[in-house]
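A quick write-up on the structure given underneath.
Naming: A, B, ... by sequence-line order, numbering from 1 per chain.
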Protein chains: 2
Amino acid sequence: MSPVACAACPLRKRTIFTPFTAEEVVFMQKFKVGELSVDRGTTILMEGSNSPQLYTVLRGQGIRYKTLENGRRQVINFLFPGDFAGLQAGLMGEMKHSVEASSDMVLCVFDRGELWQMFRAQPGRAYDLTWISAVEEHFLGETIASLGQRDATQRVAWALLRMYERLSAVGLAVEGAVPLPFRQQDLADALGLSLVHTNKTLARLRELQLLNWRDGRLHIPARSELAKLALVDLEKPEIRPLM
Amino acid sequence: MSPVACAACPLRKRTIFTPFTAEEVVFMQKFKVGELSVDRGTTILMEGSNSPQLYTVLRGQGIRYKTLENGRRQVINFLFPGDFAGLQAGLMGEMKHSVEASSDMVLCVFDRGELWQMFRAQPGRAYDLTWISAVEEHFLGETIASLGQRDATQRVAWALLRMYERLSAVGLAVEGAVPLPFRQQDLADALGLSLVHTNKTLARLRELQLLNWRDGRLHIPARSELAKLALVDLEKPEIRPLM
DNA sequence: CGTGCCATTGATTCTAATCAATAAAAGTGG
DNA sequence: CCACTTTTATTGATTAGAATCAATGGCACG
């Protein structure tokens, strides 16, 4: 498929993203050096590597994870359309986690070498990038709070509700369901739970009619019920910039 | 005490921080609008508030935490000399966590209104700010991995070792010990453990002669032993900018 | 000298991990 | 297209690590 022009970017229309000026669209079009299409299962960025590229997810979903000395894997978070990846390598010289595609994906590719130029010539875009980073920090803080303070049921409810809301915000909800290509093992590794316990917890939430995740689709019949259980405030979604 | 001139900043000499150019020192001196001295126990930033100020910790230590719907508290991380605070309010309009002083503290104060000016006039400093944010993201990712994949003993060892290294890097180690003003409850809330279990875990690590935290001082007799237990790679410290 | 905060220790309970086995799908190669 | 392997999901039985409950001691402070 031919690359999506920034002027016609389907994500930019979504209200969770802050608007671009015409000038910014022009700049981003220059900044964008191409598109990367990968199959499900592909490693896009590798922990410890020093990728020359930065990415914005255009289509598909993935995971960010890191591996500990003892071999255990922690999924840091999930990657959805509109998410930015590769900043760590861009600024700190190497990735501190890996990124893998959980479905087929398409990513906008930016040249890391141009990053400094962006800071000089486009302070507005630089500001937005910092903002993106601050939003990311915020979400990681939420995750820490979940792992530290929520029990298994609340954690699973919290994670799936969050993903449901995020995917809805980029227009992927169809009849109360969103596509969710992850494995139960991925969720377990994200929440610090064993696979077995995650499975049993999902079964319980399904019994309670609070959610139904099967065949790669997540159905949530009653958002607010699930939100109550998950101790989530169904606030208006966090508005943030898109890169 | 009279304010510290940026030119004479004691932190800037530390090798964990990237060097400033002479021009940057001049700019920071203008950007710095004053100093804030607070007593132990003071709330510096409040979750949900929209502070007009940004801070860099000059002296003392604190905690960042958030409170869940169920009243439980999660300590997101600890604040040490050189750490930057308030960016979330600066960019997203409100703080997503609170910041409290765990010892008496002195902070450099910057005017949030000047932030945008910094992005326009000092792309290098803007770049550094994004870098700081990326480093923060990295550490939060590490924390997530700890909460998700390490058991109680490893978590306590990991956290205390990390704090020891960080405090050493800013010159606070004296005879194998660093000042650590936190309560056991703070550590418990940071690691997602109960106070009782944290206390018992500390006692066990003390028996093993791996660490000794008492009277506000943390002694670590054999760093590498503790690192092995904590599954920590005693790499060279992460170099990062100072704001 | 009482009150409150923080640290410590023992006893008990329970959530989630581990172990084990099977079922259901999805690829793979001849 | 069908045997065969691999991956992913499900369920039951047992164990273990950490939470909760409960009580005490040491200190600082008004």
Side-chain angles (χ1 to χ4, degrees), chain A residues 39-42 63 68 70-75 100-104 146-160 180-207 211-219 229, chain B residues 39-42 63 68 70-75 100-104 146-160 180-207 211-219 229:
Chain A
D39 288 342
R40 173 195 150 98
T42 306
I63 56 177
L68 276 79
N70 58 5
R72 298 181 58 136
R73 181 182 79 149
Q74 175 68 37
V75 170
E100 183 178 314
S102 294
S103 69
D104 292 351
S146 276
L147 297 190
Q149 308 302 332
R150 279 184 247 254
D151 66 25
T153 309
Q154 294 167 340
R155 266 185 250 183
V156 170
W158 168 81
L160 292 179
L180 205 73
F182 311 108
R183 293 162 301 176
Q184 294 188 359
Q185 184 69 66
D186 296 326
L187 184 61
D189 288 348
L191 300 180
L193 300 170
S194 71
L195 171 60
V196 172
H197 199 61
T198 301
N199 179 284
K200 287 173 179 169
T201 303
L202 284 168
R204 226 171 312 118
L205 288 168
R206 202 180 304 133
E207 299 254 306
L211 58 81
N212 191 352
W213 176 26
R214 45 181 306 134
D215 304 325
R217 291 194 73 78
L218 170 67
H219 300 252
L229 178 88
Chain B
D39 288 341
R40 175 193 150 99
T42 306
I63 56 176
L68 275 79
N70 59 4
R72 300 180 57 136
R73 180 183 79 147
Q74 174 68 38
V75 171
E100 183 178 314
S102 294
S103 69
D104 293 350
S146 276
L147 297 189
Q149 308 302 332
R150 281 185 245 251
D151 65 26
T153 309
Q154 293 167 340
R155 268 185 249 183
V156 170
W158 169 81
L160 292 179
L180 204 72
F182 310 109
R183 292 162 303 174
Q184 293 188 1
Q185 184 69 64
D186 296 325
L187 184 62
D189 287 348
L191 300 181
L193 299 170
S194 71
L195 171 61
V196 172
H197 198 61
T198 301
N199 179 284
K200 287 173 178 169
T201 304
L202 284 167
R204 227 170 311 119
L205 288 168
R206 202 181 303 132
E207 298 254 305
L211 56 84
N212 191 353
W213 177 25
R214 45 180 306 136
D215 304 324
R217 292 195 71 79
L218 169 67
H219 301 252
L229 178 86

Legend entry - Pairwise 5' ranking along DNA chain C for A:Thr198 and B:Arg214, keeping only the more 5' one: B:Arg214
Legend entry - Under 3.5 Å: donor-acceptor pair, side chain of A:Asp104, backbone of A:Asp39: no
Inset, instruction - Determine the contact category for A:Leu202: base if any of its heavy atoms lies under 4.0 Å from a base atom, sugar-phosphate if only primed atoms, P, OP1 or OP2 are that close, otherwise nothing. - result: nothing
Legend entry - Candidates D:dT20, D:dA13, D:dA18 - which lies nearest the side chain of B:Ala152: D:dA18
Legend entry - Intermediate values then yes/no, side chain to side chain contact (heavy atoms under 4.5 Å, CB included), B:Ile63 and B:Asp189: CA-CA 11 Å; B:Ile63 56 176; B:Asp189 287 348; over 6 Å; no
Inset, instruction - Would you jot down, in residue-number order, the residues of residues 180-190 of chain A having a non-hydrogen atom under 4.0 Å from DNA chain C? - result: none
Legend entry - 4.5 Å side-chain heavy-atom contact, A:Arg150 and B:Leu68: yes
Inset, instruction - Check A:Pro181 against A:Ser102 and note the closest heavy-atom contact, atom names and distance. - result: CB-O, 3.5 Å
Exercise answer: donor-acceptor pairs, residues 195-203 of chain B side-chain atoms, under 3.5 Å, sequence neighbours excluded:
residue  : atom : partner  : partner atom : Å
B:Thr198 : OG1  : B:Ser194 : O            : 2.8
B:Asn199 : ND2  : B:Gln184 : OE1          : 2.9
B:Thr201 : OG1  : B:His197 : O            : 2.7

Inset, instruction - Kindly write out the residues that satisfy side chain to side chain donor-acceptor pair (under 3.5 Å) with A:Arg206, not counting sequence neighbours, or none if the list is empty. - result: none
Inset, instruction - Considering only heavy atoms of chain B and a distance under 4.0 Å, specify the first and last nucleotide of DNA chain C in 5' to 3' order that meet this criterion. - result: C:dC6 to C:dA11
Legend entry - Euclidean distance, B:Leu191 CG relative to B:Gln74 CD, rounded to 0.5 Å: 8.5 Å
Inset, instruction - Write down the distance between CG (A:Leu195) and P (D:dT11), rounded to a whole number of angstrom. - result: 13 Å
Inset, instruction - Please examine the side chains of A:Trp213 and A:Leu205, heavy atoms only from C-beta on, and report whether any two atoms are closer than 4.5 Å. - result: no
Inset, instruction - Report yes or no: does B:Asp186 contribute a side-chain atom to a donor-acceptor pair with the main-chain N or O of B:Arg183 at less than 3.5 Å? - result: yes
Legend entry - From NE2 (A:His219) to CG (A:Leu180), nearest 0.5 Å: 11.0 Å
Legend entry - Interatomic distance, B:Arg155 atom CZ to B:Ser146 atom OG [nearest 0.5 angstrom]: 8.0 Å
Inset, instruction - For A:Gly192, report the nucleic acid contact type (base, sugar-phosphate, nothing); a contact means any heavy atom under 4.0 Å. - result: sugar-phosphate
Inset, instruction - Identify whether any heavy atom of B:Arg206 sits under 4.0 Å from a base atom; if not, whether one sits that close to sugar-phosphate; answer base, sugar-phosphate or nothing. - result: sugar-phosphate
Inset, instruction - Return the nearest nucleotide to the side chain of B:Asp151; candidates are D:dA18, D:dT10, D:dT11. - result: D:dA18
Inset, instruction - Mind grabbing the angle between the end helix axes of the helix from C:dC1-D:dG30 to C:dG30-D:dC1? Five pairs an end, 10° rounding. - result: 50°
Legend entry - side-chain N/O A:Asn199 vs D:dA9 OP1/OP2, d < 4.0 Å: no
Legend entry - Annotated protein contacts, base or backbone, on nucleotides 22-30 of chain D with a non-hydrogen cut-off under 4.0 Å, one of B, S, - each: ---------
Inset, instruction - Look up atom CZ in B:Phe182 and atom CG in B:Leu218, then write down how far apart they are to the nearest 0.5 Å. - result: 10.5 Å
Inset, instruction - Using whole Å, report how far CG of A:Asp215 lies from C1' of D:dT8. - result: 12 Å
Legend entry - Sidechain-backbone polar pair: A:Gln149 side chain, B:Gly192 backbone, donor-acceptor under 3.5 Å: no
